[in-house]
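Report on one structure; see the data block that follows.
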Amino acid sequence: MSKLKIAIQKSGRLYEDSLQLLKDCGIFVNNGKDQLKVSVDNFPFEIMYLRNSDIPQYLEDGVVDIAIVGENLLVEKEKQIEIVQKLGFSKCRVSLAVPKEIETDELSYFQGKKIATSYPNTLKRFLAENAVLADIHVISGSVEIAPNIGLADGICDIVSSGSTLFKNGLRETITLLTSEAVLAKNLQLDSEKEIILEKFLFRIKAVLKAKKSKYILMNVPNEKIADITNVLPVLKSPTVLPLAEEGWSSIHSVIAEERFWEVIDELKDNGAQDILIIPIDKMVI
């Protein structure tokens, strides 16, 4: 039987989150110290731990079939590969930043200036689209120090919380792109590997859906059941169970995390009592 070769960053911000996603999908990895290639017993996977910057090239060349990688890196490397699923973690952005004493946020500040970056392709495209001419200095790592040592007037780099910029006397001005971890694939997968990928995607979607939802239980007067049901649109229909106390029922359903407090307020306004909220591990619809 075919095995799908999946690349995961061997260290850094994506490593732990990628392994946790596999675990949540029921794929358990028993890798020894310093192993760079590991087989999985309970799913047709072969995991390869690679340097982050190498993953896009290996994916395009077919050395690996799929990869969990930052969307920002795929945009920068410009490889012929396909993003099949956004994963919702390791969110960040590629942004321009300037010394904190610079008061303007306008892109025109960078006209004729020097910009240090480890994302030259992304920066070149952005500057060209906005008709800005600047001198780009390519740096691998520690980009934030460039303005402090006189190498550049500003930087273009990956930003998460912004704390690193702050510590180096910089502030963020313009976002070039937003990014998160994605599952990407080689464009030439055979039919057997496509089937394995679809099974993996099915598990991923069940996990992601559960993270965005909450299971909810509440007690409701029977005359309010219709009103409460109209507030709970996530599933086809809520479950309604009669309580021992006459005239009351228990309603079970799912609500979206993003509307949680708004929905809770509506439920209370419509007569719901004794509301319980339970996390969902997996959600298959």
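Worth saying up front: this structure is predicted, and the values here are computed from it rather than measured.
When all heavy atoms of Ile228 and Leu267 are compared, the closest pair comes out as CD1-O, 3.6 Å. Between Ile139 and Val143, the shortest heavy-atom contact is O-CG2, 4.1 Å.
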Under 3.5 Å, which donor-acceptor pairs do the side chains of residues 155-164 form with other protein atoms, sequence neighbours left out?
residue, atom, partner, partner atom, Å
Asp157, OD1, Ser118, OG, 3.4
Ser161, OG, Ser163, N, 3.2
Ser161, OG, Ser163, OG, 3.1

Ignoring hydrogens and angles, write down the donor-acceptor pairs under 3.5 Å from the side chains of residues 269-285, residues two or more places apart or on other chains.
residue, atom, partner, partner atom, Å
Asn270, ND2, Glu266, O, 2.7
Asp274, OD2, Asn219, ND2, 3.0
Lys282, NZ, Asp24, O, 2.9

Give every donor-acceptor pair under 3.5 Å between a side-chain atom in residues 67-75 and any protein atom, sequence neighbours left out.
residue, atom, partner, partner atom, Å
Asn72, OD1, Ser179, OG, 2.9
Asn72, ND2, Tyr119, OH, 2.8

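No side-chain heavy atom of Glu258 sits less than 4.5 Å from a side-chain heavy atom of Lys212. At least one side-chain heavy atom of Ile136 sits less than 4.5 Å from a side-chain heavy atom of Leu127. In this structure, the side chains of Leu123 and Leu176 come closer than 4.5 Å at one or more pairs of heavy atoms. Within the 4.5 Å cutoff, no side-chain heavy atoms of Ile195 are placed close to those of Ser191. Two residues are said to be in side-chain contact when any heavy atoms from C-beta on lie closer than 4.5 Å; Lys77 and Glu60 fail this criterion. Taking the side chain as every heavy atom from C-beta outward, Thr117 and Val94 never approach each other to under 4.5 Å.
In terms of the salt bridge (Lys or Arg N to Asp or Glu O under 4.0 Å) criterion, Glu144 has no residue partners (sequence neighbours excluded). Remark: Phe45 pairs with Phe43, Phe200 by the ring pair (Phe, Tyr, Trp, His ring centres under 6.0 Å) rule, at least two apart or across chains. For Lys10, the salt bridge (Lys or Arg N to Asp or Glu O under 4.0 Å) criterion is met by no residue, not counting sequence neighbours.
Partner Pro238 forms a side-chain contact (heavy atoms from CB on, under 4.5 Å) with one of Val254, Ile251, Ile216 and no other, that one being Ile251.
Using modelled atom types, no side-chain atom of Tyr49 and backbone atom of Tyr15 make a donor-acceptor pair closer than 3.5 Å. In this structure, the side chain of Asp61 does not engage the main chain of Val63 through any donor-acceptor pair within 3.5 Å. Checked by atom type and distance alone, the side chain of Glu76 pairs as donor or acceptor with a backbone atom of Asn121 at under 3.5 Å.
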* Working for salt bridge (charged side-chain N to carboxylate O under 4.0 Å, His left out), residues Asp105 and Arg171 -> CA-CA 10 Å; Asp105 288 347; Arg171 63 181 187 84; 2.5 Å; yes

